[in-house]
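Below you'll find the structure, written out as structure tokens, and then a few comments.
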Amino acid sequence: MSPLNKIAPKITNQNQLKQLHAQLIQNSLHHHNYWVAQLIHLCTRLHAPPRYTTWIFHSAHKPNVLVFTHMLKYHSKWGAKNEVFTLFDEMQKANIKPDYFVYPLLIKLSGKAGISFHAHLLKRNLDHDKYIKNAVMGFYGKCGPIEFARQLFDEMPERTTADWNSIISVYWNWGNEIQAKKLFDLVPEKNVITWTAMVSGFSRTKDLETARWYFDQMPGKSTVSWNAMISGYAQNGFAEEAIELFNEMMSVGFRPNETTWVAVVSSCSTRGDPVLAESLVKRMDKKGICPNYFVKTALLDMYAKCGNLEMARNIFDGLGVYRNSVTWNAMIAAYTRVGDLASALELFHRMPEKNVISWNSIIAGCSQNGESAVALELFKEMIANKDLKPDEVTLVSVLSACGHLGALELGNWVVKYITEDKMKLSISGYNSLIFMYSKCGSTRHARQIFQEMENRDVISYNTLITGFAAYGSGVEALELLSKMKEESIKPDRITYIGILTACSHSGLLIEGREVFESIKHPDIDHYACMVDLYSRVGKLDEAKRLIYSMPMQPHAGIYGSLLNASRVHKRIDHGEFAANKLFVLEPENSGNYVLLSNIYATAGRWEDVNRIRWLMKKKGVKKTTGWSRVEHGGKIHRFIVGDHAHKLSEDIYRVLAEMKKKMRVAGYIADESCVLRDVEEEEKEEMVGIHSEKLAVAFALLVSEPGSIIRVVKNLRICGDCHLAIKIISQLEHREVIVRDNNRFHSFKDGVCSCNDYW
DNA sequence: CTAGGGTTAG
């Protein structure tokens, strides 16, 4: 025996492995099957990269069973199915009979094809071997039917503790807590593994108290037992408990291994605390830990969540061949978290094997960063791929994007998908449905979903209340407030914002004031709602008094309410007050200048109109315009002022021209805003344009069924004359036109607008 | 060489 034999078991990192390899080459031993097998075994243990390991494998001239077996184990550890089966074919071609060690590996990896393996084994009479039986049991335990696994267990002539442990973990994998516990109580000789299985089982059902009970009762603990409990805490968001238990583990003298570090590092990610991150890294360095790729991925995520994107990217780049889908996903999520969609998308498109989580990360990332249209495009791309199945997480993001865009058609498609697939939704799934329907203007459906829910949380209530608020259904919103108190769900600050907005949009001054006074610690947004309420009902002096009495510095939204109400209620004094505050707070916002100038124009004060125009010019404020969007045929069409980009542009402008003609015949002036009188010709050119809403409406008229509802979505303040135009269109066409503006719905039918405070 | 612990998305 070579002295190298003594070195092999002591090898703990890849450098030592390479040294051993070099020595073998020097002694011309690297072709020997024994050493090839040894080296591959070490590669498996040390997570060596596939290229290196394959190279070692090929240095054997005539690989034997042992070499093949180790290579199979290596690939199966990486989950490389194709490689495993290719190797199995190669093995059969080389006329090497697979032995009792090979079949279990194959069965484990074969997925649904495991049944045919079982048949293959039965045919060859190989199914009596203990290991193979165990593997077959494991297969049925994993892929079902679970009864087959149980039958194999019951038929065993004698059962070792390992067999008991296997069947217990099968039940845990299927979430059958009752059977798992029943069997646990029957195990004649429980060992550490039996106990640890219970700890991890209860952790998976989020019952950490019971998990901890088993952990505490456990007669002898191993590192794995500690890991099970620490990971249980970490995965369920109990970062404090995980770290505390980790410290306890160290103090009673257990050595943490890589898995321990993964759990601890991920707890630190949950906390997002850079100081703790720093101290953990120091501790790891002091221990001289050589992190494997699991630890490195956890570290990547930790750095990303603690705000150090540069370090995260360093780890990502350094991982090289060890990058897997988890690494990519973590890095993509890191970019979307800070709003760097460009980098996230770039990585996403470069990523080799995208799984559901990759798609979910990028779709949610786009949706949360205001790129709802991109999110929906990506979703369509995702479902075009038949190998991928969107899950609830996907649909929550997609429904949210649908809501933001007012894409009811696609939203309904998602609902159909959920129904047809018999998908079981969690509370947040239902909440996203409420959100989608509310935002698309279907309060009836939103309410229906809300009523169908078995359990509701504060978000369910908030979403529906906010929906009612946008629709001006103040009474319904107030009813929900009392209903949630009945259900003993505590209203939070968002609830009160919703309620106050609802009161404000339906002119419920007394009720709103009552609610406002009941809020224990009103914050700036609650004051803003209250100012808005006073403003809208025309009590501008009260509004101004409230602004002065606020314990905090008012923000732009507060003066904005006052300014808008000053226009409606024709109060130049308050308008000037609010506008002057706004010119300081947000000098770039053109809307404020336009509003004040509109106020002057209505009063016929043309010098002041011109003064504001001049002020805008002097400050270099550009009039900003927003997109209007209309959904048709599951696609979002968006329009901007004077837009000619749409492929139906010509027809759209033709429809618009027809509309204008009809309007003129009906005695309306469609285009010119009253502000434009006495304004120089060149400026007039710039101001008029064709409003994006009008383009959107014209498009909708062009493509939609006669009599159908037209939904236009815009998130900026609408100018008065545009409302007028839409009003006229709805009158002439006998169509309902719904406009979402500033998160508020305005429904026009036969020339009547359902919102009462606008004119 | 069959049983317990690992990183990512809402």
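In what follows, chains are A, B, ... by sequence order, proteins preceding strands, each numbered from 1.
- If you look at A:W195 and A:F215, their ring centroids are not closer than 6.0 Å.
- Following rounding to the nearest Å, A:Q217 (CD) and B:dG4 (C1') show an atom-to-atom distance of 18 Å.
- Taking the six-membered ring for Trp, A:F316 and A:W328 have ring centres closer than 6.0 Å.
- Residue A:A333 is classed as a sugar-phosphate contact, given heavy-atom separations below 4.0 Å to backbone atoms only.
- The CH2-C1' distance, from A:W328 to B:dT7, rounds to 16 Å in whole Å.
- Centroid-to-centroid, the aromatic rings of A:F57 and A:F68 come within less than 6.0 Å.
- Side chains of A:N431 and A:S428: a donor-acceptor N/O pair is absent below 3.5 angstrom, by distance only.
- Put simply, CZ on A:F202 is 15 Å from C1' on B:dG4, counting in whole angstrom units.
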Side-chain donor-acceptor pairs of residues 166-174 of chain A under 3.5 Å, sequence neighbours excluded:
unit_1: A:S166; atom_1: OG; unit_2: A:A162; atom_2: O; d: 2.8
unit_1: A:S169; atom_1: OG; unit_2: A:S166; atom_2: O; d: 2.9
unit_1: A:Y171; atom_1: OH; unit_2: A:R150; atom_2: NH1; d: 3.1
unit_1: A:N173; atom_1: OD1; unit_2: A:R204; atom_2: NH1; d: 2.9
unit_1: A:N173; atom_1: ND2; unit_2: A:S169; atom_2: O; d: 3.3
unit_1: A:W174; atom_1: NE1; unit_2: A:G141; atom_2: O; d: 2.4

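- Of the candidates B:dG10, B:dA3, B:dG4, the closest approach to any side-chain atom of A:A197 belongs to B:dG4.
- Below the 3.5 angstrom threshold, one finds a donor paired with an acceptor across the side chain of A:N257 and the base of B:dG5.
- Considering only the side chain of A:E258, B:dG6 comes nearest among B:dG10, B:dT7, B:dG6.
- For A:S200, the listed nucleotide lying nearest its side chain is B:dG4; candidates were B:dG4, B:dT8, B:dA3.
- Residues A:W359 and A:F348 bring their aromatic ring centres within 6.0 Å.
- Remark: C1' of B:dG10 and CG of A:N360 are 8 Å apart, rounded to the nearest angstrom.
- The A:S225 side chain lies nearest to B:dG4 when the options are B:dG4, B:dG5, B:dT7.
- Heavy atoms of A:S166 sit under 4.0 angstrom from primed sugar atoms or phosphate atoms, though from no base atom.
- A:V356 comes within 4.0 angstrom of nothing in the nucleic acid, heavy atoms only.
- Listed nucleotides B:dG10, B:dG4, B:dG6 differ in distance to A:S231; the shortest reach to its side chain belongs to B:dG6.
- Proximity of the aromatic rings of A:F246 and A:W226 is defined here by a centroid distance below 6.0 angstrom, and this criterion is not met.
- In this structure, CZ of A:F316 is placed 12 Å from C1' of B:dT8, rounded to the nearest angstrom.
- If you measure from atom CD1 of A:I230 to atom P of B:dT7, you get 13 Å, rounded to the nearest angstrom.
- Residue A:Q368 places no side-chain N or O under 4.0 Å from the OP1 or OP2 atom of B:dA9.
- Among B:dA3, B:dG4, B:dT7, the nucleotide with an atom closest to any side-chain atom of A:A162 is B:dA3.
- A:D391 comes within 4.0 angstrom of a base, heavy atoms only.
- With distances taken from any side-chain atom of A:V393 to the nucleotides B:dA3, B:dG10, B:dG6, the minimum falls on B:dG10.
- For a distance-only test at 3.5 Å, the side chain of A:D163 fails to qualify as a donor-acceptor partner of the base of B:dA3.
- Across B:dA9, B:dT7, B:dG5, the shortest atom-to-atom separation from the side chain of A:R337 is found for B:dA9.
- Contacts of A:T196 with the nucleic acid, taken as non-hydrogen atoms under 4.0 Å apart, include base atoms.
- Comparing B:dA3, B:dC1, B:dG4 by their nearest atom to the side chain of A:N165 picks out B:dA3.
- Listed candidates were B:dT7, B:dT8, B:dG5. Nearest to the side chain of A:K305 is B:dT8.
- Put simply, CD1 on A:I315 is 13 Å from P on B:dT8, counting in whole angstrom units.
- For a distance-only test at 3.5 Å, the side chain of A:S222 qualifies as a donor-acceptor partner of the base of B:dG4.
- Contact annotation: side chain of A:N227 to base of B:dG4, donor-acceptor pair absent below 3.5 Å.
- In this structure, CH2 of A:W164 is placed 22 Å from P of B:dT2, rounded to the nearest angstrom.
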